[in-house]
Amino acid sequence: NAGVTQTPKFQVLKTGQSMTLQCAQDMNHEYMSWYRQDPGMGLRLIHYSVGAGITDQGEVPNGYNVSRSTTEDFPLRLLSAAPSQTSVYFCASSRDSISGNTIYFGEGSWLTVV
Amino acid sequence: AQRVTQPEKLLSVFKGAPVELKCNYSYSGSPELFWYVQYSRQRLQLLLRHISRESIKGFTADLNKGETSFHLKKPFAQEEDSAMYYCALSNAGGTSYGKLTFGQGTILTVHP
């Protein structure tokens, strides 16, 4: 059981480049989300999805785009990378959006924008 | 707006000593509180949640609504407890959309 899988694990980008962080889960979870982890700030929600075809913004959505064409996949797109987007990105999923369900995290993607 | 505060960025204790990681929150509704742990080079994982009132790996946490706190405690720390700990909050009841508000995290180091 792979759980939540993120790729790539490490990436270096130049300012202005675009890229996509991939996230896939094999647990048939309805709910998926993306967080970024920065020192001294904890994890902050970027975007989330409560099911295929439905996405919404979290706390820090600017500069990021998401789509949810299938239940399994929830890619995060950086449209024009900026140094402020240097961070560790975590994808997460849970069975549905009801409170109390365990949220499972991926291993993280380390992104550096130079 | 909901907020979670972990006042200690770093916490060091010796093996066998008691440890308490502090967490305070502000939330206008009925909160659900969690502790997540991230061991070195591993993914973030749920340690415990207040509704379960369980003890995991010797850790306990009690929700104190009067003091709006959810401190994590362990009577005898072990070296393998060294990790980053996050306190997190979600809306209790109904749909929270899985949105968690995290604290800043506390790095716990347990010395031999």
Side-chain angles (χ1 to χ4, degrees), chain A residues 1-7 9-10 23 25 27 29-51 54-61 66 68 74 87-110, chain B residues 1-10 21-25 27 29-54 56 63 70 83-107:
Chain A
N1 187 354
V4 180
T5 304
Q6 292 180 230
T7 56
K9 192 156 186 174
F10 300 97
C23 176
Q25 51 88 12
M27 298 174 280
H29 284 173
E30 287 188 21
Y31 175 86
M32 296 184 75
S33 56
W34 277 101
Y35 290 85
R36 60 177 289 174
Q37 181 186 38
D38 300 294
M41 304 195 72
L43 278 77
R44 293 178 293 169
L45 182 65
I46 304 171
H47 284 285
Y48 66 96
S49 169
V50 299
I54 307 170
T55 64
D56 206 346
Q57 297 181 350
E59 182 184 353
V60 288
V66 292
R68 185 90 179 273
F74 190 46
S87 187
V88 184
Y89 292 85
F90 288 95
C91 180
S93 75
S94 67
R95 189 181 69 198
D96 52 41
S97 57
I98 302 300
S99 296
N101 286 320
T102 298
I103 295 177
Y104 296 88
F105 285 86
E107 292 185 313
S109 295
W110 275 253
Chain B
Q2 55 200 56
R3 187 178 181 89
V4 178
T5 302
Q6 293 178 248
E8 303 137 330
K9 189 172 181 177
L10 302 169
L21 289 83
K22 291 184 167 46
C23 172
N24 290 92
Y25 67 90
Y27 187 61
S30 181
E32 185 168 4
L33 275 297
F34 306 83
W35 276 99
Y36 279 82
V37 61
Q38 187 177 26
Y39 300 104
S40 179
R41 298 197 175 107
Q42 294 187 28
R43 66 186 70 200
L44 204 65
Q45 56 187 289
L46 179 67
L47 181 61
L48 53 80
R49 60 177 65 140
H50 88 269
I51 59 171
S52 300
R53 301 186 66 81
E54 57 198 345
I56 303 293
L63 179 61
F70 188 57
M84 169 76 91
Y85 290 81
Y86 287 102
C87 182
L89 176 153
S90 179
N91 178 41
T95 54
S96 70
Y97 300 105
K99 290 188 286 185
L100 290 171
T101 298
F102 284 86
Q104 300 92 325
T106 298
I107 299 173

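Letters A, B, ... are given to chains in the order of the sequence lines, protein chains preceding strands, and every chain is numbered from 1.
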**Fill in**
The interface call for Leu46(B) against chain A, heavy-atom contacts under 4.5 Å, is side chain
**Request:** Specify which of Gln37(A), Arg44(A), Met32(A) makes the most heavy-atom pairs with chain B at under 4.5 Å.
**Result:** Gln37(A)
**Prompt:** Looking only at heavy atoms, which two atoms of Phe105(A) and Leu44(B) are closest? And how far apart?
**Reply:** CB-O, 3.6 Å
**Request:** List the atom of Tyr35(A), the atom of Leu100(B), and the distance in Å for their closest heavy-atom pair.
**Result:** OH-N, 3.1 Å
**Request:** Could you please spell out the steps behind the side chain to side chain contact (heavy atoms under 4.5 Å, CB included) verdict for Ile103(A) and Tyr36(B)?
**Result:** CA-CA 10 Å; Ile103(A) 295 177; Tyr36(B) 279 82; 3.6 Å; yes
**Request:** Please determine, among Gln38(B), Gln45(B), Arg43(B), the option with the most heavy-atom pairs under 4.5 Å with chain A.
**Result:** Arg43(B)
**Message:** So for Leu45(A), is it side chain, backbone, both, or neither that comes closer than 4.5 Å to the heavy atoms of chain B?
**Reply:** side chain
